[in-house]
Amino acid sequence: MKSIPYLSWIAPIIAIIVGFFIGAVVIALSGLNPIDAYARTFSQFFSSLFKIGEIVVFAIPLMIIGAGLVLSFEANFWNIGAEGQLWVGGLLATLIGLYINTSAPIYFITMVIAAFLGGVAWGLLPVILKIKYGTNEILTSMLLCPIAILLIDALLTGPLKDPVYLFNQTQLIATEAWLPVLIPETRITLALFLALACVIVVHLILQRCSLGYQIRAVGHGLKAAKASGINVSKILLLTMIISSGLSGVAGYTLLTSIHHRLLRGFSPGGGFLGFWGYGYMAIAVALLAKGRPLATIATAAIFGFLEASSYLMEAAAGVSRYIMIFVEAVILIAIVWLYRIR
């Protein structure tokens with residue numbers, strides 16, 4: 001299609017406008033005043049530091065997962081299973097927080113490593129099937145998400161269930177394992193620095209390492225990469241290890257910064273089956289970043305704003321937060337379409 005100058009810069013703005021406009025139509029069809037709903041939401045948004053800080057709180061896991069997905073997408077490996085990888089990473093980190101008694105620094109190191117390995121464990125099967133049998137990774141990685149969430153939910157109803165409460169959740173992890181709050185009167189913790197570090201590492205891999213060159217070579221021309229002697233199987237495996245591992249680390253940040261326990265609804269969206277959660281939102285974050293890991297800082301903030309707005313809109317205007325989830329989906333579709341005509 002014909003290229004439109006500077007479209008890549010204005011596409012996010014156009015997509016957001018389209019999303020909010022269609023969202024307004026849906027709100028109107030539900031019998032409410034969309035202008036009043038948006039006005040109430042945004043007036044509430046800037047009424048306190050805590051509510052503004054929620055943008056960052058929701059953006060942190062999106063930033064980490066999004067950076068990892070940028071890496072896998074650059075290799076033309078479509079990891080759609082980040083949601084399941086997040087849950088398994090959160091599970092392994094929870095086990096350490098519950099059953100190991102140690103100091104805060106040791107908790108941080110061991111839980112991050114455990115979460116990373118948990119994500120990797122859940123991400124290996126799709127890449128192995130892709131390498132050995134050419135299986136479509138979109139299908140295999142996506143189908144592993146509900147399997148992970150349902151397995152964890154089974155644990156939450158049985159051996160890991162907190163006996164004090166009826167709700168499916170574990171006991172609180174050790175307080176020493178909680179990440180300290182970075183900005184008072186908010187839920188922003190040191191996880192912000194961890195997220196920024198993950199983004200920078202992925203950026204350095206893609207821009208400053210030979211691995212990044214090989215990842216781009218595999219993604220942009222598989223036959224040419226093979227002809228030049230690149231071990232494609234090895235590159236796909238390494239790419240998926242990093243991508244899925246970072247999804248697991250995002251689960252660690254949710255555990256130690258927000259929930260402090262593993263529970264049903266650990267990742268927001270379509271309930272405990274996870275049909276819309278951080279792992280799926282991060283796909284939009286990565287697509288919007290267009291292969292630039294540093295751009296995920298901004299794109300994650302956009303979707304962090306939308307996710308925080310959904311809760312405020314429900315409380316302030318009585319509009320179901322699922323309408324905002326619908327708006328996020330419209331924005332994603334608009335972005336994909338706009339980049340196709342770029």
State, yes or no, whether a side-chain contact exists between [X] and [Y] at a heavy-atom distance under 4.5 Å.
X      : Y      : answer
Val249 : Leu194 : yes
Phe73  : Ile283 : yes
Thr239 : Val218 : no
Leu155 : Leu151 : no
Leu182 : Thr189 : no
Glu314 : Val319 : no
Thr299 : Thr296 : yes
Asp153 : Arg264 : yes

Flag yes if [X] and [Y] sit in one hydrophobic cluster, no otherwise; membership is Ile, Leu, Val, Met, Phe, Trp, Tyr, and two members link when side-chain heavy atoms are under 4.5 Å apart.
X      : Y      : result
Ile35  : Leu32  : no
Ile235 : Val232 : yes
Ile65  : Leu196 : yes
Ile109 : Ile100 : yes
Leu69  : Ile215 : yes

Starting from the C-alpha separation in whole Å, work towards a yes-or-no answer on side chain to side chain contact (heavy atoms under 4.5 Å, CB included) for Ile14 and Ile17. CA-CA 5 Å; Ile14 296 173; Ile17 292 172; 5.8 Å; no

Pairing residues for Glu54 by the salt bridge (charged side-chain N to carboxylate O under 4.0 Å, His left out) criterion, not counting sequence neighbours: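 In terms of salt bridge (charged side-chain N to carboxylate O under 4.0 Å, His left out), with neighbours along the sequence ignored, Glu54 is linked to Arg187.
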
Within the 3.5 Å criterion, strictly below it, is a donor on Gln214 or Asn231 matched to an acceptor on the partner's side chain?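 No, Asn231 and Gln214 have no side-chain donor paired with an acceptor closer than 3.5 Å.
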
Can you tell me if Tyr165 has over 12 outside heavy atoms packed within less than 6.0 Å of its OH?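 No, not enclosed.
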
For the backbone of [Y] and the side chain of [X], can you confirm whether one donor and one acceptor N or O come within less than 3.5 Å of each other?
X      : Y      : answer
Glu307 : Phe303 : no
Glu83  : Tyr278 : yes
Glu137 : Val127 : no
Ser141 : Ile80  : yes
Ser243 : Gly68  : yes
Tyr38  : Ala24  : yes
Thr253 : Ala250 : yes

When rounded to the nearest 0.5 angstrom, what is the spacing between [atom1] in [X] and [atom2] in [Y]?
X      : Y      : atom1 : atom2 : result
Leu263 : Ile152 : CG    : CD1   : 11.5 Å
Leu156 : Phe266 : CG    : CZ    : 10.0 Å
Gln85  : Cys145 : CD    : SG    : 7.0 Å
Leu49  : Thr186 : CG    : OG1   : 6.0 Å
Ile52  : Ser48  : CD1   : OG    : 7.0 Å
Ile16  : Phe305 : CD1   : CZ    : 8.5 Å

Could you go through the side chain to side chain contact (heavy atoms under 4.5 Å, CB included) check for Phe108 and Leu190 one step at a time? CA-CA 11 Å; Phe108 174 77; Leu190 290 178; over 6 Å; no

Sequence-distant partners of Val120, side-chain contact (heavy atoms from CB on, under 4.5 Å), two or more places apart: Phe116, Leu124, Ile241, Ser244

Taking all non-hydrogen atoms of both residues, which atom of [X] and which atom of [Y] are closest, and how far apart?
X      : Y      : value
Leu160 : Tyr99  : CD2-OH, 3.6 Å
Leu86  : Ser267 : CD2-CB, 4.2 Å
Phe326 : Ile22  : CE2-CG2, 3.6 Å
Gly81  : Asn79  : N-OD1, 3.1 Å
Ala282 : Leu62  : N-CD2, 3.8 Å
Trp87  : Gly265 : CH2-N, 3.9 Å

Between side-chain atoms of residues 219-230 and protein atoms elsewhere (two or more places apart, or another chain), which donor-acceptor pairs fall under 3.5 Å?
| from | atom 1 | to | atom 2 | distance (Å) |
| --- | --- | --- | --- | --- |
| Ser228 | OG | Ala224 | O | 3.3 |
| Ser228 | OG | Ala225 | O | 2.8 |

Option among Val285, Val56, Ile297 that satisfies the side chain to side chain contact (heavy atoms under 4.5 Å, CB included) test with Met63: Ile297

Evaluate the criterion side chain to side chain contact (heavy atoms under 4.5 Å, CB included) for residue pair Ile27 and Met313; output intermediate values, then yes/no. CA-CA 11 Å; Ile27 293 171; Met313 184 173 289; 4.1 Å; yes

Check step by step if side chain to side chain contact (heavy atoms under 4.5 Å, CB included) holds for Val70 and Arg292. CA-CA 7 Å; Val70 165; Arg292 298 163 292 186; over 6 Å; no

N/O donor to acceptor pairs below 3.5 angstrom from side-chain atoms of residues 166-177, sequence neighbours left out:
| from | atom 1 | to | atom 2 | distance (Å) |
| --- | --- | --- | --- | --- |
| Thr170 | OG1 | Leu262 | N | 3.2 |

Residue pairs involving residues 169-193 (criterion ring pair (Phe, Tyr, Trp, His ring centres under 6.0 Å); sequence neighbours excluded):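 Listed by first then second residue: Trp178-His260.
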
Before you tell me yes or no, could you show the steps for Phe58 and Tyr311 under ring pair (Phe, Tyr, Trp, His ring centres under 6.0 Å), namely the whole-Å CA-CA distance, both residues' side-chain angles and the distance that decides it to 0.1 Å? CA-CA 11 Å; Phe58 285 112; Tyr311 290 98; 5.6 Å; yes

Would you mind writing out the side-chain donor-acceptor pairs for residues 200-213 within the sub-3.5 Å range, not counting sequence neighbours?
none

